[in-house]
S.K.: 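Handing you a structure now.
Lettering of chains follows the sequences in order, A, B, ..., and the numbering in each one begins at 1.
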There are 2 protein chains.
Amino acid sequence: MTQEKRSAAATAAAARILDAATAAFAELGFHGTSTRDIAARAGMSPAAIYVHHRSKEELLYTISLSGHRRVLDAIREASAAGITPTDRLERVAHSFGTWHAEGHVRARVVDYEMGALTAAHQEDVAAVRRDIGTVHRSIIEAGVATGEFAVADPSMTSVSIISLGVDIARWYRPEKAWTTAQVVAHYRDTVLRIVGAAPRS
Amino acid sequence: MTQEKRSAAATAAAARILDAATAAFAELGFHGTSTRDIAARAGMSPAAIYVHHRSKEELLYTISLSGHRRVLDAIREASAAGITPTDRLERVAHSFGTWHAEGHVRARVVDYEMGALTAAHQEDVAAVRRDIGTVHRSIIEAGVATGEFAVADPSMTSVSIISLGVDIARWYRPEKAWTTAQVVAHYRDTVLRIVGAAPRS
DNA sequence: GTCTATATATTGATAGAC
DNA sequence: GTCTATCAATATATAGAC
């Protein structure tokens, strides 16, 4: 058995507990969720959690850190693929919006439960968040340099764009009228308007 | 002693407890806050809370409902004062942004802790939220009618504008670089861009 | 209307059988 | 690696003295 396969998150039971914790945290919040809630959703006894994970807080840490890293990877890939700043921003907005709309349950935990982490774990996540901000800001600055974007303060604008994307996870509910595709398309168009890009054909 | 003065929230001690609860809920979340936390912040014993309020949940309900009502009143007043849809939207954005930036502590509880309310209390708050949405959507529809705004879906656009304002309360921290006035001005300008209004002089 | 003391339930986490 | 049983701490809320 390899090192990787022995690590907690690699076993099927460990993953099932992580998924149960994600669903519970998204619905009730970290502090509103008991370890018994998580165990019940995973179809196991409360004690089983501690065979695979160190603590309830570590469950949140694992969800939050891996979630943040996956978003960062996704937008970096989207950003690299584009040619012009407008292309890159459009791809990044699509990727970022899709993560928050389709993955709204996971994203709700990732983006809104950070405050329940220990200070050290919160700093690990914050570092990834800074990189996510840098990806956005760099594209905006590049677009300002080429004249494609009309933006007075790229830092503030990138915060707004990220904010609008993140907040999808708070308000979006699939049982309502809009599909994720509609929400993402609207987000992408809104982002282009915010930076003052020329309307797309 | 009048009826009003005898109601719980009207006494000084009751208000002090409400303020302490607001600060605690904003920092730790509803479920992360104990009644002992609240009592300690108010400089009272845990038992004192129950002289002035029925339960911890009722504290949140009072904060959340009165907060929502105050926002609704503020944007209704701002909306009525304007002449053109652009004027009205600008005033509403200023009012809505100011509430969330300057009142970010209170707004964080009002907007992000709703899920901890009982179903009945959640519905009371949701009714006010629907009115807040209607105020925004009506202005956008009016602007589309006059040709001042270029918006394909007024419902989605009003959700975006509200979302961008609400989310200020999540990310804004006064100890960072930006003043509330800067954040509000940027929000107001961004809102006008989102609806496709002509840039202001 | 404030307090100390406490009832009662639930919490996160562990012990030990299998 | 799963379970049942349980520990110790903490939760919300109340009782009763002053």
Side-chain angles (χ1 to χ4, degrees), chain A residues 1-25 27-64 109 113 115-118 120-121, chain B residues 1-2 4-25 27-64 109 113 115-118 121:
Chain A
M1 198 179 259
T2 67
Q3 180 85 18
E4 259 145 310
K5 283 201 177 168
R6 263 192 288 113
S7 82
T11 74
R16 210 164 81 240
I17 292 165
L18 268 180
D19 287 346
T22 302
F25 293 161
E27 196 178 317
L28 309 164
F30 177 80
H31 290 296
T33 299
S34 70
T35 53
R36 283 165 181 79
D37 287 337
I38 298 167
R41 282 174 199 250
M44 305 172 89
S45 77
I49 291 173
Y50 296 91
V51 175
H52 302 283
H53 302 279
R54 215 164 294 162
S55 68
K56 183 184 157 191
E57 192 271 347
E58 212 205 38
L59 280 171
L60 178 62
Y61 177 59
T62 302
I63 295 162
S64 191
V109 179
E113 299 298 325
L117 294 171
T118 63
H121 285 170
Chain B
M1 198 180 258
T2 69
E4 259 145 308
K5 281 202 176 167
R6 262 191 287 114
S7 81
T11 74
R16 210 163 83 238
I17 291 165
L18 267 180
D19 287 345
T22 302
F25 293 161
E27 196 178 317
L28 308 164
F30 177 79
H31 289 298
T33 298
S34 69
T35 52
R36 284 168 179 77
D37 288 338
I38 297 167
R41 283 175 199 247
M44 304 171 90
S45 78
I49 291 173
Y50 296 90
V51 175
H52 301 282
H53 302 279
R54 215 164 293 163
S55 68
K56 182 184 158 192
E57 193 270 349
E58 212 206 36
L59 279 170
L60 178 61
Y61 178 59
T62 302
I63 294 163
S64 191
V109 179
E113 300 297 327
L117 294 171
T118 63
H121 286 168

S.K.: Between protein and nucleic acid, restricted to nucleotides 12-15 of chain C and to nitrogen or oxygen atoms under 3.5 Å apart, what atom pairs and distances do you find?
M.R.:
unit_1: C:dG12; atom_1: OP1; unit_2: A:T33; atom_2: O; d: 3.1
unit_1: C:dG12; atom_1: OP1; unit_2: A:K56; atom_2: NZ; d: 2.6
unit_1: C:dG12; atom_1: OP2; unit_2: A:T35; atom_2: N; d: 2.7
unit_1: C:dG12; atom_1: OP2; unit_2: A:T35; atom_2: OG1; d: 3.2
unit_1: C:dG12; atom_1: N7; unit_2: A:R36; atom_2: NH1; d: 3.1
unit_1: C:dG12; atom_1: O6; unit_2: A:R36; atom_2: NH2; d: 3.1
unit_1: C:dA13; atom_1: OP2; unit_2: A:Y50; atom_2: OH; d: 2.7
unit_1: C:dA13; atom_1: OP2; unit_2: A:K56; atom_2: N; d: 3.0
unit_1: C:dA13; atom_1: O5'; unit_2: A:Y50; atom_2: OH; d: 3.4

S.K.: What pairs meet the salt bridge (charged side-chain N to carboxylate O under 4.0 Å, His left out) rule with one or both residues in residues 30-48 of chain A, with sequence neighbours excluded?
M.R.: A:E27-A:R41
S.K.: Please report the distance, rounded to the nearest Å, between CE in A:M44 and C1' in D:dT4.
M.R.: 15 Å
S.K.: Can you check the A:I49 CD1 to D:dT2 P distance for me, whole Å?
M.R.: 12 Å
S.K.: Please check: side-chain N/O of A:E113 versus main-chain N/O of A:F30, any donor-acceptor pairing under 3.5 Å?
M.R.: yes
S.K.: Give the nucleotide from the list D:dT2, C:dC3, C:dT2 with an atom nearest to the side chain of A:H52.
M.R.: D:dT2
S.K.: A:A47: which residues meet the side-chain contact (heavy atoms from CB on, under 4.5 Å) condition with it, sequence neighbours left out?
M.R.: A:S45
S.K.: Only counting residues at least two apart or in another chain, list the ones meeting ring pair (Phe, Tyr, Trp, His ring centres under 6.0 Å) with A:H31.
M.R.: none
S.K.: Applying side-chain contact (heavy atoms from CB on, under 4.5 Å), name anything that partners A:A40, two or more places apart in sequence or on another chain.
M.R.: none
S.K.: In whole Å, what is the span from the CD1 atom of B:I17 to the C1' atom of C:dC3?
M.R.: 13 Å
S.K.: Of A:A48 and B:G32, whose closest DNA chain D nucleotide lies nearer the 5' terminus?
M.R.: A:A48
S.K.: Not counting sequence neighbours, which residues clear salt bridge (Lys or Arg N to Asp or Glu O under 4.0 Å) with A:E57? List them please.
M.R.: none
